[in-house]
Amino acid sequence: MSRNWNKIWRYVHLSVGLILVVYHARIAWYHNGFIDSVWSASTDKFVSTTLIFLVMWTGLAKWPIYPWYKKRQNRKKRRQKELAAAAK
């Protein structure tokens with residue numbers, strides 16, 4: 001199984017997403033009375049913003065943008081060939 005950036009970003013995205021789920025589960029457990037301690041507000045803010053940032057950007061990074069770019073480049077090359085053939 002070959003590694004490429006899409007697979008790497010997918011696993012980073014899934015890993016950070018699962019950590020985010022655990023983070024929110026901890027908050028829900030506190031509010032439901034299953035655990036009786038919470039983090040300080042500064043720690044909570046750091047963890048939430050960092051995790052959400054990582055999940056958002058790794059999700060965007062794993063989109064297959066390169067095939068769209070390649071298709072656009074091929075379209076430009078075909079158009080140039082058509083114009084060159086029409087000019088002859």
Side-chain angles (χ1 to χ4, degrees):
M1 188 160 102
S2 66
R3 289 186 184 170
N4 59 27
W5 280 108
N6 192 30
K7 289 180 183 178
I8 293 168
W9 283 122
R10 178 183 301 134
Y11 289 115
V12 170
H13 181 72
L14 290 173
S15 301
V16 177
L18 287 174
I19 294 169
L20 188 63
V21 167
V22 170
Y23 167 74
H24 285 290
R26 186 178 187 282
I27 293 170
W29 289 340
Y30 172 75
H31 289 294
N32 287 325
F34 296 130
I35 59 175
D36 56 358
S37 66
V38 293
W39 292 327
S40 67
S42 61
T43 304
D44 196 31
K45 182 178 178 182
F46 173 76
V47 170
S48 65
T49 55
T50 304
L51 289 177
I52 290 172
F53 177 82
L54 288 173
V55 169
M56 181 182 70
W57 285 108
T58 57
L60 289 174
K62 70 186 186 73
W63 284 0
I65 294 173
Y66 178 74
W68 298 336
Y69 174 76
K70 181 90 169 164
K71 186 177 180 180
R72 189 185 76 185
Q73 292 299 99
N74 288 340
R75 189 179 316 132
K76 286 181 182 179
K77 288 178 184 176
R78 278 195 309 266
R79 180 71 178 146
Q80 288 174 351
K81 285 181 184 178
E82 289 171 1
L83 290 175
K88 288 182 182 182

Search all heavy atoms of Thr58 against all heavy atoms of His13 and return the closest pair with its distance.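 Residues Thr58 and His13, closest heavy atoms: OG1-ND1, 3.0 Å.
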
Residue pair Leu51 / Val16: nearest heavy atoms and the distance that separates them: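 Heavy atoms of Leu51 and Val16 come nearest at O-CG1, 3.8 Å.
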
Going by heavy atoms in the side chains, are Arg26 and Val22 under 4.5 Å from each other?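 Result no, sub-4.5 Å side-chain heavy-atom pair not found.
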
Do the non-hydrogen side-chain atoms of Phe46 and Thr43 ever get within less than 4.5 Å of each other?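 Heavy-atom side-chain distance check fails, nothing below 4.5 Å.
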
Applying the 4.5 Å side-chain criterion to the ILVMFWY set and letting contacts propagate, would Val21 and Ile27 be lumped into a single cluster?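 The answer is no; the residues belong to distinct hydrophobic clusters.
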
What's the spacing between Glu82 CD and Gln80 CD if we round to 0.5 Å?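 Atom-to-atom, Glu82:CD and Gln80:CD are 10.5 Å apart.
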
Atom pair OG1 (Thr49) and CG (Leu54), whose distance is rounded to the nearest 0.5 Å: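 The distance works out to 9.5 Å.
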
Hey, is the main chain of Val47 close enough, under 3.5 Å, to the side chain of Thr50 for a donor-acceptor pair?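 No: the side chain of Thr50 does not pair with the backbone of Val47.
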
